[in-house]
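Working notes, structure below.
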Amino acid sequence: MTPTWLDTTEAVDKVFLYIFGISLALLILITAVMVFFIIRFHRSRQTKPKDIPSSCLWLEITWTLIPTLIVLSMFWYGWQGYLSLTNVPSDALPIKAVARQWSWSFVYPGGRTSSKLVVPAGKAVRIAIVSEDVLHSLYIPAFRIKKDAVPGMTTHVWFRAPESGSFDLFCTEYCGLAHASMITTVEVLPADEFDSWLQTPQEAAGTAKSRQLLEQYGCLACHSLDGTPRIGPSFARLAEGEKVQLAGEAEKSAIVNREYLKRSILDPQSEIVQGYPAVMPSFRDKISEQDLQLLIDFLLQTDKTSTSGERRP
Amino acid sequence: MNSTAQHHDAEGAKLGMWLFLFSELLLFGGLFVLFAVYLQRYPLQFAAGGRELSVAFGTVNTVLLLTSSMTVALALEALRRNRRRLCESLLGFTLLAALLFLVNKGFEWHAKFQHDLYPGSATLQQAPPGRDVFFGLYYLTTGLHGLHVIIGGVLLAWILALVRCDRINGASPTVLENGALYWHLVDIIWIFIFPLYYLLL
Amino acid sequence: MGKVIRMGEFFRRGFLESTGEQPSLFEWIFSTDHKRIGLLYLYSISTFFAIGVTLGLLIRLELIAPGRTIVGPDTYNALFTLHGVVMIFLFIIPGIPAAFGNIMLPLQIGARDVAFPRLNLLSWWLYIIGAIMALSSLAGGGGPPDTGWTFYLPFSGETTTNVSLAVFAVFILGFSSILTGLNFITTIHRLRAPGMTWTRLPLFVWSLYATAWVQVLATPILGITLVLILAERILGLGLFDAARGGDPLMYQHLFWIYSHPAVYIMVLPAMGVISEIIPVFARRPIFGYKAIVASSIGIAAAGSLVWGHHMFVSGMSDTAILVFSLLTFIVAIPSAVKVFNWVATLYGGSIRLDAPMLYALTFLVLFSIGGLSGLVLGSAATDVHVHDTHFVVGHFHYVMFGGTAFAFFGALHYWFPKIFGRMFNEKRAAWAWGIMICGFNLLYFSMLLVGLRGMPRRYYDYLPQFAQLNRLATYGSWVLALGLLFMAVNLLIALRRGKHIGANPWEAATLEWTVDSPPPPENFAVLPTVTHGPYDLEQAGEP
Amino acid sequence: MQHTGSMRQLIGIWGLLLLLTAATVGISRIHLGAANIWAALGIATAKATLVTLFFMHLKKEGRVIKISLLVTLATLATFIGLTFFDVLYR
Ligand code: HEA
Ligand code: HEA
Ligand code: CUA
Ligand SMILES: [Cu+2]
């Protein structure tokens with residue numbers, strides 16, 4: 001097979017077709033022969049078993065060799081298909097995917113970040129995948145690609161979306177409590193729209209910036225803004241001076257203020273909110289002081305769901 | 001193993017024992033897989049880690065185990081010739097060697113802890129990646145081996161008791177045979193641990 | 001159907017008969033008789049199987065519709081973890097060897113017991129202790145383990161649930177499995193009756209022999225892997241922690257070095273059962289005895305070389321993917337040889353479709369579907385798409401449930417009259433079988449399809465486009481449950497009220513059919529001298 | 001079943017083992033690069049062979065045990081070998 005930069009979907013589907021085709025034929029053949037024998041040689045038709053030899057070297061050799069050839073061809077074809085998945089076109093746009101419990105964020109050349117994977121139509125993209133905690137796996141069924149995110153390692157996939165549209169992106173390596181909600185979308189934009197999206201500067205401050213930080217750090221995987229309970233308590237109920245019931249033997253509680261929020265983010269295990277699991281990771285050394293202050297400002301704000309100033313991708 | 005079955009079939013009991021030894025070998029085998037992979041990845045850190053281990057302790061323990069291995073083999077030979085006294089003292093010596101081995105090991109580990117070399121210690125956390133892995137493997141492997149020394153020692157002590165009350169004798173040496181086989185395995189594992197961990201440059 | 005003998009009050013209960021020397025429970029749980037130990041295994045394995053399928057049913061119930069249905073995500077994660085652990089380590093790995101192997105192996109080779117009867121008892125005790133520990137991890141402490149049966153690090157090192165207890169339980173179960181394996185190897189080498197040459201061994205014995213070697217040589221690797229998880233959790237060793245220089249992929253290597261061979265521990269004895277049933281009910285000697293023996297050994301040997309196919313998308317090197325993909329395809333060949341020989345055995349026979357045969361023939365089809373879907377997984381390109389989706393879940397339920405568990409049911413029906421001396425109701429058995437295969441295919445074929453469309457496994461919740469197939473699968477699980485229940489009830493009734501039966505109701509030629517049903521405690525009053533092969537059916541019937 | 005002289009033989013083997021131990025310590029002090037580890041493994045294998053053959057009487061055992069020992073070692077070797085297809089080429 002010549003390295004034709006087959007698109008990943010095509011490359012994999014051809015192999016699927018080949019293996020499924022042969023398998024189906026074999027399955028039907030074997031089942032049909034079996035059923036035929038059962039009918040033909042049923043006791044009611046064949047009262048005495050025939051006296052025929054119970055081994056035959058030639059048969060054994062034949063039905064060892066033929067499957068060998070079949071599986072070798074499947075192997076070879078599958079391997080060629082796999083090579084297409086590893087042959088990244090040289091003009092591919094590099095994007096970095098960061099996986100963490102339980103959200104994705106994508107970093108573009110130039111520093112723009114997004115919680116959805118936004119890609120240009122018709123152009124190859126190469127995604128470098130890293131993990132911040134445990135194993136995850138980036139899976140886009142529509143493009144037949146999947147690769148684990150392994151702590152301490154960078155792995156890669158590439159694909160090319162032929163036309164615009166939106167597709168699902170799943171985490172397929174079990175990663176704990178909210179593995180099943182570690183889902184996001186691949187937005188395929190026409191090339192020019194993509195360029196302008198990429199050029200748009202991200203907010204420096206304000207609500208939209210905070211929203212974007214919440215997505216970037218993965219807070220929204222566990223906290224909602226509108227009051228719906230997720231893995232962690234919703235941010236909606238946070239307000240200056242409110243009392244928070246903490247887990248523990250005694251009736252412990254804390255008052256929401258800047259200090260409390262800072263502790264909650266940098267050292268979440270120290271105080272656990274009553275009724276929630278202690279799964280929030282510490283963001284110490286992961287979040288800059290500036291971003292932290294922005295987030296705290298935002299969390300203390302009363303109207304957090306307002307979407308004014310938010311820009312859709 | 002089962003003493004009635006043995007009585008009928010010493011060969012079978014021995015085969016069973018060997019099979020058990022094979023599975024023990026693969027138990028340690030898993031650790032050797034890890035060792036090989038990490039040695040390949042961090043040759044320098046492993047060498048540095050190896051230098052931290054005491055060759056003197058390692059060598060003394062090697063000699064102890066080799067000698068004890070010989071003495072069990074001799075004990076079996078003595079039993080077969082119905083020289084019970086000799087057999088008992090050889091077994092006694094083996095037990096002594098096992099004990100000394102463990103005492104040595106204890107001193108060695110103690111010294112390592114004193115030097116702040118244990119998994120997750122401050123020194124190791126500052127060391128380049130790989131050093132920590134070396135010591136992790138070192139403690140796990142020698143620990144697991146030490147556990148086998150203890151098990152083997154208890155087994156041999158029990159056998160010694162059986163010899164003393166004539167439950168095992170020249171006519172039915174199978175239990176001692178199998179106990180000795182186990183002890184030799186413990187020795188063989190150490191034969192590999194010693195150069196791989198203590199003698200790395 | 002052969003000779004149904006009514007022996008009235010003269011009916012002997014063989015090894016089931018109490019000797020009256022000890023309280024009757026002690027007579028069982030401290031018995032060193034291989035048949036009693038085998039029955040203990042059979043009962044305990046069936047119990048855990050019932051627990052496992054109930055958990056499976058709950059999984060399906062949760063998945064009947066998107067969103068939260070009956071449990072939250074934490075409970076769901078615990079459900080599939082325990083379902084997997086119970087099914088793999090408590091049901092399917094010990095399943096056929098420890099229950100039927102224990103009872104039949106000595107009988108089939110003409111021995112009075114296994115080589116180490118007390119070790120055999122110890123295996124069962126270890127099994128029970130391990131099982132109780134595994135189940136008690138459900139309660140107390142940090143809650144039931146939620147790692148999946150694969151215990152992948154780093155997650156299993158971090159989660160606060162009772163993983164350590166579950167891991168330790170599996171360690172003990174592994175030890176039990178090793179002891180069973182070495183016991184069987186020694187028995188087969190040392191205790192064959194005079195004239196029982198290696199080419200006269202029943203194929204079930206051969207398959208147990210090949211399995212036993214895998215048990216002895218692969219299980220220790222699981223042992224050390226579990227020790228490493230404990231070291232990670234309790235001592236904080238960091239051998240797989242990337243931040244400290246460890247390599248998370250090495251955990252996966254060690255885990256699959258055992259767990260791939262383990263799938264052949266699961267299926268080889270099942271293949272042995274099929275090789276026993278088919279010739280007896282086709283009334284023909286098995287076709288290609290030597291080829292089947294060779295393929296058992298081939299599967300056991302080659303099966304140890306392919307573990308990397310579970311790691312195609314893990315970040316493993318492409319060279320390794322090339323090698324493991326090739327080896328995976330090679331291991332399919334001996335399975336194909338077996339299938340062809342089984343089908344060829346039917347040719348020219350005089351086929352009886354009794355319940356054991358129905359199960360054996362279904363095994364052929366379901367195992368083939370499962371195996372062929374395995375080829376899709378073995379090919380690097382296609383595995384990338386379906387890895388960790390419900391396609392994999394479909395694949396392994398086809399081979400494990402459709403394959404091994406159906407063979408287990410086949411064995412249950414085949415040897416039931418031998419073990420208990422009573423016959424079950426044939427008609428009801430056939431009905432149960434029919435219901436089961438309908439439910440089975442509805443359930444698992446839907447899973448294959450939904451997996452192909454991209455639904456990841458271990459998902460508590462899913463997107464609306466997967467709803468329809470998931471609903472079908474859940475309906476299938478109910479039908480399957482109905483069939484299973486029907487089968488269980490039929491057998492339970494037979495246990496009390498089945499017709500008494502003579503030594504050889506199926507007119508088979510292997511040695512276990514020459515002794516009374518149920519077999520007497522000492523098996524053979526006089527050790528038999530073997531003069532013909534295991535499938536020379538003409539010689540059968542003579543006591 | 002009397003093995004005359006076998007006691008002496010066992011002691012002789014012990015002497016050899018001690019010599020090999022000295023050798024492995026000695027060689028480890030010379031810099032040979034990668035050859036060091038192979039030399040260490042080689043000597044260790046030699047020692048292990050002596051222990052199995054003589055102390056464990058493998059020499060006198062039947063075929064079954066000998067072959068299965070080889071199978072075991074081959075299994076372990078393949079486990080390590082195949083793993084290296086991953087770690088060497090990553
Ligand atoms: C009883 C258990 C059992 C058996 C027998 C098998 C048999 C096979 N399995 Fe399966 N497998 C599992 C249990 C089993 N498996 C489990 C539990 C998992 C998931 C683990 C987890 O992640 O939780 C798994 C996962 C799994 C994967 C990893 C998937 C992934 O996670 O991405 C792969 C990949 O190669 C695979 C392949 C195979 C192959 C090629 C066979 C072959 O041996 C099949 C051979 C059989 C046939 C080929 C069919 C019969 C032959 C014919 C009909 C004749 C015609 C055939 C030819 C011409 C070839 N299996
Ligand atoms: C032998 C092995 C085996 C068997 C038989 C089964 C049986 C079933 N399994 Fe299986 N399953 C596994 C092994 C097995 N499973 C493994 C290893 C995993 C992977 C776990 C992991 O990811 O870590 C898995 C995962 C798994 C999943 C995927 C979870 C996920 O990834 O999100 C699902 C989903 O539907 C499922 C469903 C079922 C169902 C519905 C059954 C049904 O067959 C059950 C239907 C039958 C009944 C409900 C019977 C009810 C009858 C009674 C209670 C009475 C019976 C009494 C007697 C027999 C005496 N299983
Ligand atoms: Cu992240 Cu699953
Ligand atoms: Cu596998």
Side-chain angles (χ1 to χ4, degrees), chain B residues 11 14-15 17-19 21-23 25-26 28-30 32-41 43 46-47 50 55 58-59 62-63 65-67 69-74 76-78 80-81 86 170 173 177 180-181 183-185 187-196 198-201, chain D residues 1-4 6-7 9-11 13-15 17-18 20-22 24-34 36-37 39-52 54-58 61-62 64-65 68-69 71-73 75-77 79-81 83-84 86-88 90:
Chain B
E11 278 301 304
K14 205 154 52 176
L15 178 59
M17 192 64 200
W18 274 95
L19 290 169
L21 297 189
F22 296 159
S23 71
L25 211 58
L26 277 147
F28 281 94
F32 284 120
V33 172
L34 278 186
F35 184 87
V37 168
Y38 288 137
L39 175 66
Q40 191 270 335
R41 185 161 306 165
F46 268 50
V55 179
T59 315
T62 308
V63 173
L65 273 195
L66 287 176
T67 312
S69 210
M70 173 191 65
T71 50
V72 230
L74 286 176
L76 178 60
E77 211 54 52
R80 282 197 179 130
R81 297 172 190 194
L86 181 61
E177 254 171 23
L181 282 180
W183 190 253
H184 294 308
L185 176 92
D187 186 26
I188 288 179
I189 305 272
W190 183 260
I191 286 179
F192 282 94
I193 293 179
F194 173 57
L196 287 181
Y198 289 78
L199 299 180
L200 282 174
L201 263 189
Chain D
M1 274 278 283
Q2 292 287 330
H3 318 281
T4 32
S6 53
M7 284 220 174
Q9 188 196 39
L10 291 176
I11 297 173
I13 298 293
W14 175 67
L17 286 170
L18 291 188
L20 285 173
T21 307
T24 190
V25 175
I27 288 182
S28 76
R29 302 296 97 179
I30 320 168
H31 275 274
L32 299 171
N36 269 118
I37 188 83
L41 276 177
I43 295 179
T45 312
K47 285 163 75 181
T49 314
L50 286 178
V51 173
T52 16
F54 298 100
F55 287 0
M56 299 169 89
H57 307 289
L58 183 70
E61 291 298 348
V64 177
I65 292 180
S68 45
L69 177 62
V71 169
T72 306
L73 295 176
T75 310
L76 184 54
F79 287 166
I80 297 181
T83 311
F84 268 76
D86 176 18
V87 279
L88 277 186
R90 197 139 73 200

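Throughout, protein chains are lettered first and strands after them, A, B, ... in sequence-line order, and every chain is numbered starting at 1.
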For the [atom1] atom of [X] and the [atom2] atom of [Y], what is their distance to the nearest 0.5 Å?
X     : Y      : atom1 : atom2 : result
B:L15 : D:I65  : CG    : CD1   : 5.5 Å
D:I37 : B:L199 : CD1   : CG    : 9.5 Å
D:H57 : B:E177 : NE2   : CD    : 7.5 Å
B:T71 : D:F55  : OG1   : CZ    : 8.5 Å
D:M56 : B:L76  : CE    : CG    : 12.0 Å
B:S69 : D:I13  : OG    : CD1   : 11.5 Å

Requested in this report: Under 4.5 Å, counting heavy-atom pairs only, tell me which of B:I188, B:L74, B:L185 racks up the most with chain D.
Outcome: B:L74

Do [X] and [Y] have side chains that approach each other closer than 4.5 Å (heavy atoms only, starting at C-beta)?
X      : Y      : result
D:S68  : B:W18  : no
D:L58  : B:H184 : no
D:K47  : B:T62  : yes
B:M70  : D:L17  : no
B:Y198 : D:V25  : no
B:L21  : D:T72  : no
D:T21  : B:F194 : yes
B:F192 : D:L41  : yes

Under 4.5 Å from a heavy atom of chain B, the part of [X] involved:
X     : result
D:L69 : both
D:L73 : side chain
D:T24 : both
D:L50 : neither

Query raised in the report: Using a distance-only test with no angle check, is there a side-chain donor-acceptor pair under 3.5 angstrom linking B:T67 and D:W14?
Result: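 Side chains of B:T67 and D:W14: pair found under 3.5 Å.
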
Query - Pair D:S6-B:R80, side-chain donor/acceptor within less than 3.5 Å - result: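 No, no side-chain donor-acceptor contact under 3.5 Å.
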
Query raised in the report: So which heavy atom on B:G29 is nearest to which on D:L76, and how close?
Result: CA-CD1, 3.6 Å

Query raised in the report: Of all heavy-atom pairs between D:A44 and B:I191, which one has the smallest distance, and what is that distance?
Result: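 Minimum heavy-atom separation between D:A44 and B:I191: O-CG2, 3.5 Å.
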
Requested in this report: Report the C-alpha separation of D:F79 and B:L26 in whole Å, then their side-chain angles, then the decisive distance to 0.1 Å, and conclude whether the side chain to side chain contact (heavy atoms under 4.5 Å, CB included) test is met.
Outcome: CA-CA 10 Å; D:F79 287 166; B:L26 277 147; 4.1 Å; yes

Query raised in the report: Most heavy-atom pairs under 4.5 angstrom with chain B, which of D:L88, D:V87, D:V64?
Result: D:V87

Requested in this report: Pick one of side chain, backbone, both or neither for B:L19, based on which atoms fall under 4.5 Å of a heavy atom in chain D.
Outcome: neither

**Report entry** Engaged part of B:V33 at the chain D interface, taking heavy atoms whose separation is under 4.5 Å
**Finding:** both

